[in-house]
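Below, read A as the first sequence line, B as the second, and so on, with proteins coming before strands; counting in each chain starts at 1.
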2 protein chains.
Amino acid sequence: MRRQRIVTFVQSVVVAGASAAGVLGPAGNVMAQALKDVQTPDTPLVLKAQGSFFVGGEKVEQTQGELGDLGPGGHITVNQMYVRYMVPQGGDGNVPVVMVHGATLTGKSWETTPDGRMGWDEYFVRKGHPVYVPDQVGRGRSGFNQAIFNNARAGSAPANTLPRWIRFSDEVVWPNFRFGSKPGAPFADSQFPVTAVDELSKQGVPDVSFGGVPAPNPTFKALSDLAGQVNGAVLMGHSQSGSFPLAAALLNPAVSKGLVLVEPGGCPAYTDEQIKTLATVPILVVFGDHRDTPTGLPTFPTWQARFEGCQAFIGRIKSAGGQAEMLAPPERGIRGNSHMIMQDKNHLQIADLILQWIDERVSKPTAPRK
Amino acid sequence: MRRQRIVTFVQSVVVAGASAAGVLGPAGNVMAQALKDVQTPDTPLVLKAQGSFFVGGEKVEQTQGELGDLGPGGHITVNQMYVRYMVPQGGDGNVPVVMVHGATLTGKSWETTPDGRMGWDEYFVRKGHPVYVPDQVGRGRSGFNQAIFNNARAGSAPANTLPRWIRFSDEVVWPNFRFGSKPGAPFADSQFPVTAVDELSKQGVPDVSFGGVPAPNPTFKALSDLAGQVNGAVLMGHSQSGSFPLAAALLNPAVSKGLVLVEPGGCPAYTDEQIKTLATVPILVVFGDHRDTPTGLPTFPTWQARFEGCQAFIGRIKSAGGQAEMLAPPERGIRGNSHMIMQDKNHLQIADLILQWIDERVSKPTAPRK
């Protein structure tokens with residue numbers, strides 16, 4: 001397996017594990033874009049367990065109006081984190097991997113890609129790791145606290161105090177996620193499956209985490225608690241949540257076995273004391289190509305600026321005696337990776353590099369990977 | 001298997017397929033309520049395929065403010081339906097089952113139960129059926145249209161035109177979901193795992209479908225399209241979505257192979273023409289026990305009234321020459337089932353009765369069920 005990884009590393013896209021034949025319905029049926037493109041692996045997926053559960057959450061009392069006037073006031077749970085998991089048969093001794101999504105997205109980011117290929121969630125399971133995919137608190141199946149919206153509707157809270165709901169336009173996604181410098185014009189070497197960009201658009205959900213989620217974000221504690229509950233985990237964040245693994249590790253470094261920051265929105269300016277704590281945990285930062293592309297969001301830094309900020313962060317961790325590394329595929333001759341690197345056409349090639357890092361820096365699987 | 005079903009039918013709760021040993025972490029670790037209770041099946045789950053995709057959705061153009069002021073205005077997708085699927089190895093010739101959740105809930109309803117037992121999603125897969133679990137349009141990973149909330153925040157829409165977000169209080173859930181006549185006081189024969197009722201509370205998410213989702217609800221068309229994309233499916237709804245299978249079947253009865261209405265909020269007063277169409281599709285309605293319990297929601301009918309409305313509906317379907325049946329476990333000596341029957345302690349016993357109906361009225365599996 002190690003050999004295969006090295007080969008794919010210098011060569012080309014790993015396509016093992018997925019054939020082009022859809023099996024969800026016989027050929028010839030008229031299907032919508034998404035399902036007809038879904039590919040089926042050549043070999044079955046054998047799971048010891050799969051399912052879902054919640055981490056965290058707190059009871060609050062709300063009025064009839066805050067609950068949407070359906071019935072009398074009472075208690076509900078808010079700030080819980082939904083987690084879906086898959087444990088491979090024979091893999092429950094291997095280090096689990098937790099995959100957290102970015103802004104305006106949900107755990108769907110890590111599932112089937114927009115053009116129907118296997119997601120990193122299943123790929124890491126097939127490589128022997130239990131995988132846990134949450135929805136951030138405030139998003140998707142984790143829900144959010146709706147009280148203030150109902151209060152504004154009823155006139156008991158001023159509308160201008162409402163938190164905003166953000167979504168990226170499809171037009172902004174092209175430069176900001178670095179598929180191309182403008183909408184519809186992919187880079188010649190773009191690894192993103194741009195013919196399926198409309199399927200990525202469907203992954204978008206409104207994001208209330210700028211103002212509509214408590215500070216600090218309850219997702220940090222939930223991730224830390226989840227890592228504890230599974231006796232240690234690799235925490236992987238992306239974009240908005242790219243730094244969440246760091247925040248979780250600061251709460252409980254002992255259960256944070258490794259931190260993978262995939263295209264993080266930034267690497268925070270931690271205190272020396274915090275850096276000292278983070279230096280006890282192996283850290284990998286991953287950035288793709290075309291980082292100088294103007295984002296289309298004038299108030300935001302370029303991805304190159306974020307990359308350089310994370311390089312400085314890595315330097316601080318190293319100075320504190322820690323293990324931190326930058327994985328920048330372009331520096332290895334792998335070109336064209338986008339911000340949505342887990343959905344790129346060579347996403348398994350990138351996954352293999354991360355798996356190799358887990359083997360070397362965190363722990364080897366108890367059984368050799370197939 | 002048929003024999004086993006008959007035995008369980010008159011006897012007691014089916015517990016096959018799940019042991020009490022949690023494997024997600026070694027014993028002795030301090031875990032939060034939810035994960036520590038998660039049970040692991042005795043035998044692995046072998047999947048031909050699993051993943052997720054979207055059905056439907058439409059592009060709309062929104063202003064910078066409507067997109068939450070993150071960047072310039074542009075297009076986004078709204079009204080798409082997220083679907084997670086599992087196809088059992090060797091089961092892709094069997095009729096797929098689509099499971100749609102109820103009000104203030106998501107597809108999580110059908111996954112691991114609040115007390116950590118296997119959900120119906122996995123159980124139906126283990127019984128040979130491809131299973132598709134959507135989040136209704138407007139909820140969970142399907143997202144919703146956030147524009148009006150941002151407009152109200154900016155003062156460009158009056159706050160009193162905002163749709164309301166509903167959630168059930170924990171206190172209302174006890175009588176309305178028929179765990180007991182009041183909070184904390186379960187019926188002596190209650191089948192709901194009331195010690196885990198706080199975990200059900202975490203499944204709650206705000207529900208904007210009363211006013212915040214287009215009419216007719218795009219979920220109807222998405223369900224019908226999904227059934228077509230998989231070459232025909234059994235459509236199963238619950239509570240709020242209990243009648244959605246009927247609405248979907250009216251759009252395309254040919255691909256609606258069977259309709260299962262689990263504790264539907266009601267059976268609509270269809271025209272004779274619509275009844276004629278629905279009479280071409282096998283229909284099963286499922287209602288649990290304690291239906292006379294006052295719901296705690298004074299403006300809503302009792303579940304007994306809804307039950308009787310569905311009995312009348314079944315009568316109309318039969319008069320039109322169709323196949324429609326009521327499955328009321330109490331009439332078979334199975335007592336104490338709640339509104340959340342798919343999470344009840346005897347949920348596999350109820351599932352087996354539905355599977356038996358699918359065998360008899362829709363189609364038998366190509367291979368005998370294990």
Side-chain angles (χ1 to χ4, degrees), chain A residues 23-26 29 31-32 34-35 38 40 44-55 57 67-71 74-77 80 89 92 106 108 111-112 140-141 143 146 149-150 152-153 159-160 162 164-167 169-172 201-202 204-206 225 229-231 296-297, chain B residues 23-26 29 31-32 34-35 38 40 44-55 57 67-71 74-77 80 89 92 106 108 111-112 140-141 143 146 149-150 152-153 159-160 162 164-167 169-172 201-202 204-206 225 229-231 296-297:
Chain A
V23 293
L24 302 173
N29 186 34
M31 291 181 176
L35 180 54
V38 169
T40 297
L45 177 66
V46 184
L47 298 177
K48 176 160 189 172
Q50 71 86 37
S52 60
F53 58 91
F54 291 90
V55 180
L67 293 173
D69 267 323
L70 195 70
H75 291 82
I76 61 169
T77 306
Q80 65 275 30
Q89 182 73 357
D92 47 320
T106 70
K108 164 62 184 167
E111 299 176 351
T112 314
R141 291 177 170 184
Q146 82 299 329
F149 297 97
N150 285 332
R153 174 175 176 270
N160 63 11
L162 289 175
R164 60 188 175 138
W165 291 101
I166 63 163
R167 272 196 72 171
S169 73
D170 296 343
E171 289 83 354
V172 156
S201 178
K202 296 176 188 174
V205 301
D225 288 349
Q229 288 168 24
V230 299
N231 288 318
L297 300 168
Chain B
V23 293
L24 303 173
N29 186 36
M31 291 179 175
L35 179 54
V38 168
T40 298
L45 177 66
V46 184
L47 299 177
K48 176 159 189 173
Q50 72 85 38
S52 61
F53 58 91
F54 291 90
V55 179
L67 294 172
D69 266 324
L70 194 71
H75 291 81
I76 61 169
T77 306
Q80 64 275 29
Q89 183 73 357
D92 47 320
T106 69
K108 164 63 184 166
E111 300 176 352
T112 314
R141 293 179 168 182
Q146 82 299 329
F149 297 97
N150 285 331
R153 175 176 176 270
N160 63 10
L162 289 176
R164 61 186 174 139
W165 291 100
I166 63 162
R167 271 195 74 172
S169 74
D170 296 343
E171 289 83 354
V172 155
S201 178
K202 296 177 188 174
V205 301
D225 288 349
Q229 288 167 26
V230 298
N231 288 317
L297 300 168

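- Highest contact tally toward chain A, considering only B:L162, B:L297, B:V172, is held by B:L162 [criterion: heavy-atom pairs under 4.5 Å].
- Proximity to chain A (any heavy atom under 4.5 Å) is shown, for B:D170, by both the backbone and the side chain.
- When every heavy atom of A:K202 is checked against every heavy atom of B:Q80, the shortest pair comes out as O-NE2, 2.8 Å.
- For B:Q146 (side chain) and A:W165 (main-chain N/O), no donor-acceptor pair under 3.5 Å exists by modelled atom type.
- Of all heavy-atom pairs spanning B:G74 and A:S169, the tightest one is CA-CB, 3.8 Å.
- Of the residues considered (A:T106, A:D225, A:I166, A:I76), A:I76 shows the highest number of contacts with chain B, using heavy-atom pairs under 4.5 Å.
- Side chain of A:N150 to main chain of B:R164: no donor-acceptor pair is present (N/O by atom type, distance under 3.5 Å, no hydrogens or angles).
- Ranked by heavy-atom pairs under 4.5 Å with chain B, the first of A:G143, A:S201, A:G296, A:A152 is A:S201.
- Side-chain N or O atoms of B:K108 include one that pairs as donor or acceptor with a backbone N or O of A:S52 at under 3.5 Å.
- For the set B:P206, B:G204, B:G57, the entry with the most heavy-atom pairs within less than 4.5 Å of chain A is B:P206.
- Taking every heavy atom of both residues into account, A:T112 and B:Q50 meet most closely at OG1-O, 4.4 Å.
- Closest non-hydrogen pair, A:Q89 versus B:P44, comes out as OE1-CB, 3.5 Å.
- The parts of B:V46 that come within reach of chain A are both its backbone and its side chain, each placing non-hydrogen atoms under 4.5 angstrom from that chain.
- Most heavy-atom pairs under 4.5 Å with chain A: of the set B:L67, B:D69, B:N160, B:V205, this distinction falls to B:L67.
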